Amino acid sequence: MTGPRVVVVGAGFGGLGVARTLLRRGIRDVTVLERADDIGGVWRDNTYPGAACDVPSVLYSWSWALNPDWGRRYPTQPEILDYLRGTAAAEGLLDLVRTGTAVTAVRFDDTAGCWRVETATGTTYQADLVVTATGQLSEPAVPRLPGRFDGPTFHSAQWDHDVDLTGKRVLVVGTGASAIQLVPGIVDRVGSLTVLQRSAPYVVPKPDRAFRPRHHRVLRRLPALMRAERRAWFWLTERFNAALSGDSRLSRPLLGALRLGWRAHLRAQVPDPALRARLVPDYGLGCKRMLFSNDWYPALARPHVEVVTDPPTGLEAGGVRTADGRLHEADVLIWGTGFAATDFLGSLEVTGPGGASLRRAWADGARAHLGLSVPGFPNLFCLYGPNTNLGGSSIIAMLEAQAEYVAEVAAAIAAGRARLVGVRPAVYDDYDREMQTRLSRSAFAGCESWYVDGERITTNWPGLVAEYRARLARVDWSELEVS
């Protein structure tokens with residue numbers, strides 16, 4: 001078995017994982033197109049000081065490539081990138097990757113009955129099946145403000161390491177997952193630091209620690225112990241997922257306990273009551289991403305750091321003006337403003353049979369059956385697609401379930417049991433109604449966040465990872481149109 005021809009867009013955890021799964025199912029004609037000059041996705045791009053994962057390393061790894069040599073309980077960006085590179089090399093995946101190849105469009109050729117994948121280099125690839133694995137956190141979001149700042153400015157995901165921050169007046173816009181890592185990472189170097197906060201996050205203690213050589217030796221000798229640790233962390237994070245869903249009896253007591261822990265953490269680390277008041281969220285816990293850090297609050301409490309809650313209204317040569325009329329002077333401006341998470345596939349143009357536009361299909365918000373497929377776009381699968389993000393636990397478990405599903409479809413095509421496979425419109429609509437109904441009862445529905453696109457929560461999954469894996473464990477062919 002060698003066919004069909006498969007093109008995967010993106011070489012992060014999703015793209016590399018699905019490529020490996022396809023190879024294991026006997027699908028050999030696999031090409032992975034990566035716009036950057038190296039693999040790694042967000043873990044290649046986000047090199048800001050302090051960049052790390054907030055999921056334990058034993059869980060934030062492929063189930064088929066557990067690593068006994070993680071240096072910490074919560075892995076750092078360089079460690080994760082090394083893990084990706086090393087695992088991809090060991091699995092023979094690097095030979096499939098074409099780096100420096102940005103995909104600009106994916107168009108269905110009605111005459112040939114296949115997809116044409118167009119790239120910025122001018123090369124076009126023909127594919128029987130296309131998998132987009134561009135992720136939800138790949139396109140940096142920068143607010144559009146009038147004016148121009150004359151100093152160095154960059155987004156956290158495009159860190160300019162040539163800019164020396166020593167002794168500089170630095171202004172950071174944003175208090176999300178990247179900002180709570182980079183601010184402590186630079187606070188000791190800068191002369192002064194201004195943090196512009198749109199909304200305060202819930203930040204709870206991070207039970208991190210470094211692993212000693214003895215820990216590594218034990219896990220190498222007893223891999224079953226590592227698997228047991230992974231199951232334990234999975235069980236714990238699933239309890240958090242259940243609480244966020246709003247359907248669990250644990251929802252209220254667990255979220256209440258986490259809120260008490262957050263408040264104690266804030267009180268212990270921020271002695272100034274005025275600053276503490278500015279750091280209290282104005283929404284329920286879980287509505288936005290809960291963050292883990294032991295040094296965020298202490299960094300904000302430093303005497304040369306100021307937290308500003310007035311929104312920015314414009315850029316000026318020497319700084320940023322806020323709604324209260326004040327100019328916050330700075331030498332360097334850093335955007336810690338996250339990503340365009342609801343703009344799935346970014347600038348990638350996708351045109352299906354008969355000229356159907358995926359962008360038009362998603363005009364009222366992105367949606368996909370099982371987070372993977374859209375009617376009218378056969379043999380096109382979107383990894384880490386709409387409604388597959390998690391409020392807790394590891395996204396890699398979701399990606400692995402998607403990879404197995406895609407590989408089963410590819411195997412059916414290779415065996416001649418199918419040529420074009422797409423979801424039935426009625427199934428697609430029913431699934432979307434289920435998602436939005438369940439999400440309306442969840443913690444995610446309580447405020448405006450990057451989970452929401454207009455009236456719809458388009459990013460997050462409303463249940464347990466175990467449920468998602470069970471639903472994708474076998475392809476339900478009755479849900480699909482097959483020709």
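Sequential numbering from 1 along the given sequence is applied to the chain's residues. Computed from a predicted structure; not experimentally measured.
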- When the aromatic ring centroids of Phe13 and Trp62 are compared, is their separation below 6.0 Å? yes

- Would you say Thr313's side chain and Arg321's backbone share a donor-acceptor pair under 3.5 angstrom? yes

- Task: Tell me, with the steps shown, if Asp164 and Arg189 meet salt bridge (Lys or Arg N to Asp or Glu O under 4.0 Å).
- Result: CA-CA 9 Å; Asp164 183 6; Arg189 275 189 283 155; 5.2 Å; no

- Query: Given side chains that start at C-beta, do those of Pro68 and His216 come closer than 4.5 Å, heavy atoms only?
  - Reply: no

- Query: Is the closest side-chain donor-acceptor distance between Asp54 and Tyr74 under 3.5 Å?
  - Reply: no

- Is it true that the side chains of Thr119 and Thr121 contain a donor and an acceptor less than 3.5 Å apart? yes

- Message: With a 3.5 Å distance limit and no angle check, can you tell me whether Asn387 reaches the backbone of Asn460 through a side-chain donor-acceptor pair?
- Response: yes

- Message: A side-chain contact here means heavy atoms from C-beta on lying under 4.5 Å apart; do Leu196 and Leu171 qualify?
- Response: yes

- Side chain Arg198, main chain Gly174, donor-acceptor under 3.5 Å: no

- Would you say Thr237's side chain and Phe234's backbone share a donor-acceptor pair under 3.5 angstrom? yes

- Assess whether side-chain contact (heavy atoms from CB on, under 4.5 Å) is satisfied between Leu300 and Arg278, documenting all intermediate values. CA-CA 11 Å; Leu300 299 186; Arg278 293 200 295 276; over 6 Å; no

- Query: Which residues pass the side-chain hydrogen bond (donor to acceptor under 3.5 Å, both in side chains) test with Tyr60, sequence neighbours left out?
  - Reply: Trp43

- Note on the structure: What one should report as the nearest heavy-atom pair of Gly40 and Leu84 is O-CD1, 3.8 Å

- Item | Check ion pair Asp29-Arg5 (N to O, under 4.0 angstrom) | no

- Item | Between OG1 on residue Thr459 and CG on residue Asn389, distance to nearest 0.5 Å | 5.0 Å

- Message: Before we go on, tell me: are the rings of His155 and Phe339 under 6.0 Å apart, centre to centre?
- Response: yes

- Task: For Val7 and Val30, run side-chain contact (heavy atoms from CB on, under 4.5 Å): C-alpha distance rounded to whole Å, both residues' side-chain angles, the deciding distance at 0.1 Å, then the answer.
- Result: CA-CA 6 Å; Val7 169; Val30 179; over 6 Å; no

- Task: Look at atom CZ of Arg267 and say whether more than 12 heavy atoms of other residues, nucleotides or ligands are closer to it than 6.0 Å.
- Result: no

- Only counting residues at least two apart or in another chain, list the ones meeting side-chain hydrogen bond (donor to acceptor under 3.5 Å, both in side chains) with Asp310. none

- Query: Salt bridge between Glu400 and Arg20, side-chain N to carboxylate O under 4.0 Å?
  - Reply: no

- Task: Give a yes or no on whether a salt bridge exists between Glu34 and Arg98, defined as a side-chain N under 4.0 angstrom from a carboxylate O.
- Result: no

- Is the shortest heavy-atom distance from the side chain of Val320 to the side chain of Leu333 under 4.5 Å? yes

- Message: Would the distance check show the side chain of Gln197 and the main-chain N or O of Val307 forming a donor-acceptor pair, the cut-off being under 3.5 Å?
- Response: no

- Message: Run the side-chain contact (heavy atoms from CB on, under 4.5 Å) test on Gln402 and Phe381 for me, step by step, so that the C-alpha distance in whole Å, both residues' side-chain angles and the decisive distance to 0.1 Å come before the verdict.
- Response: CA-CA 9 Å; Gln402 293 172 337; Phe381 297 94; over 6 Å; no

- Should the ring pair Trp159 and His161 be called parallel, tilted or perpendicular, given that the plane angle runs from 0 to 90° and is split at 30 and 60? tilted

- Message: Quick check: do Val97 and Asp95 have side-chain heavy atoms less than 4.5 Å from each other?
- Response: no

- Query: Checking Tyr83 side chain against Ala65 main chain: does a donor-acceptor pair fall under 3.5 Å?
  - Reply: yes

- If you measure from the Lys or Arg side-chain nitrogens to the Asp or Glu carboxylate oxygens, is any gap between Glu349 and Arg360 under 4.0 Å? no

- Message: Any carboxylate oxygen within less than 4.0 angstrom of a Lys/Arg side-chain nitrogen, looking at Lys206 and Asp295?
- Response: no

- Scan for ring pair (Phe, Tyr, Trp, His ring centres under 6.0 Å) pairs involving residues 171-204, sequence neighbours excluded, and state none if there are none. Tyr202-Trp262, Tyr202-Tyr283

Sequence neighbours excluded and cut-off under 3.5 Å, please list the side-chain donor-acceptor pairs for residues 444-452, or say none.
residue : atom : partner : partner atom : Å
Ser449  : OG   : Tyr451  : N            : 3.1
Tyr451  : OH   : Arg289  : N            : 3.3

- Message: Whether the side chain of Asp331 engages the backbone of Lys168 through a donor-acceptor N/O pair (distance < 3.5 Å, no angle test) should be reported.
- Response: no

- Message: One thing to verify: whether Asp432 and Arg367 come together as a salt bridge, which I'm taking to mean a side-chain N less than 4.0 angstrom from a carboxylate O.
- Response: yes

- Task: Could you tell me which residues satisfy side-chain contact (heavy atoms from CB on, under 4.5 Å) with Arg116, sequence neighbours excluded, listed by chain and number?
- Result: Asp109, Thr124, Gln126

- Message: When you compare the side chain of Arg230 with that of Ser61, does any pair of heavy atoms fall below 4.5 Å?
- Response: yes

- Message: Between Thr104 (side chain only) and Leu348 (backbone N and O only), is there a donor and an acceptor less than 3.5 Å apart?
- Response: no

- Item | Minimum heavy-atom distance between Leu145 and Pro312, given as atom pair plus value | CD2-O, 3.7 Å

- Message: Please report the interatomic distance CZ(Arg73) to OG(Ser57), rounded to the nearest 0.5 Å.
- Response: 8.5 Å

- Task: Would you indicate whether the side-chain heavy atoms of Leu33 and Val117 approach each other to under 4.5 Å?
- Result: yes

- Item | Leu258 to Phe240 - nearest heavy-atom pair and separation | CD1-CE1, 3.5 Å

- Message: To the closest 0.5 Å, what do you measure between CG (Leu315) and CZ (Phe149)?
- Response: 8.5 Å

- Query: Taking 4.0 angstrom as the limit, do Asp208 and Arg72 come out as a salt bridge?
  - Reply: yes

- Task: State which residues pass side-chain hydrogen bond (donor to acceptor under 3.5 Å, both in side chains) with Arg212; sequence neighbours excluded, sorted by chain then number.
- Result: none

- Indicate the atoms forming the closest heavy-atom contact of Pro75 with Val55, along with that distance. CD-O, 3.5 Å

- Task: Mind listing the closest non-hydrogen atom pair of Val170 and Val190 along with its distance?
- Result: CG2-CG1, 3.6 Å

- Ser245 and Pro462 have their tightest heavy-atom pair at CB-O, 3.1 Å

- Item | Side-chain touch Arg276/Leu266, heavy atoms, less than 4.5 angstrom | yes

- Decide, yes or no, whether a salt bridge links Glu91 with Arg85 under the criterion of side-chain N to carboxylate O below 4.0 Å. no

- Query: Say you draw a straight line from SG of Cys382 to CG of Leu345; how long is it, rounded to the nearest 0.5 Å?
  - Reply: 4.5 Å

- Query: Going by atom types alone, do Thr153 and Trp335 pair a side-chain donor with an acceptor below 3.5 Å?
  - Reply: yes

- So do Ser178 and Tyr48 actually touch side chain to side chain, heavy atoms under 4.5 Å? yes

- State whether the side chain of Thr132 and the backbone N or O of Val9 hold a donor-acceptor pair below 3.5 Å, judged by distance alone. no

- Is the centre of the Trp461 ring less than 6.0 Å from the centre of the Tyr468 ring? yes

- Query: Under 3.5 Å, is there a donor-acceptor pair between the side chain of Glu316 and the main chain of Gly147?
  - Reply: no

- Query: CG of Asp150: more than 12 outside heavy atoms within 6.0 angstrom?
  - Reply: yes

- Task: Go through the steps to decide whether Val8 and Thr31 satisfy the test side-chain contact (heavy atoms from CB on, under 4.5 Å), and finish with yes or no.
- Result: CA-CA 6 Å; Val8 179; Thr31 303; over 6 Å; no

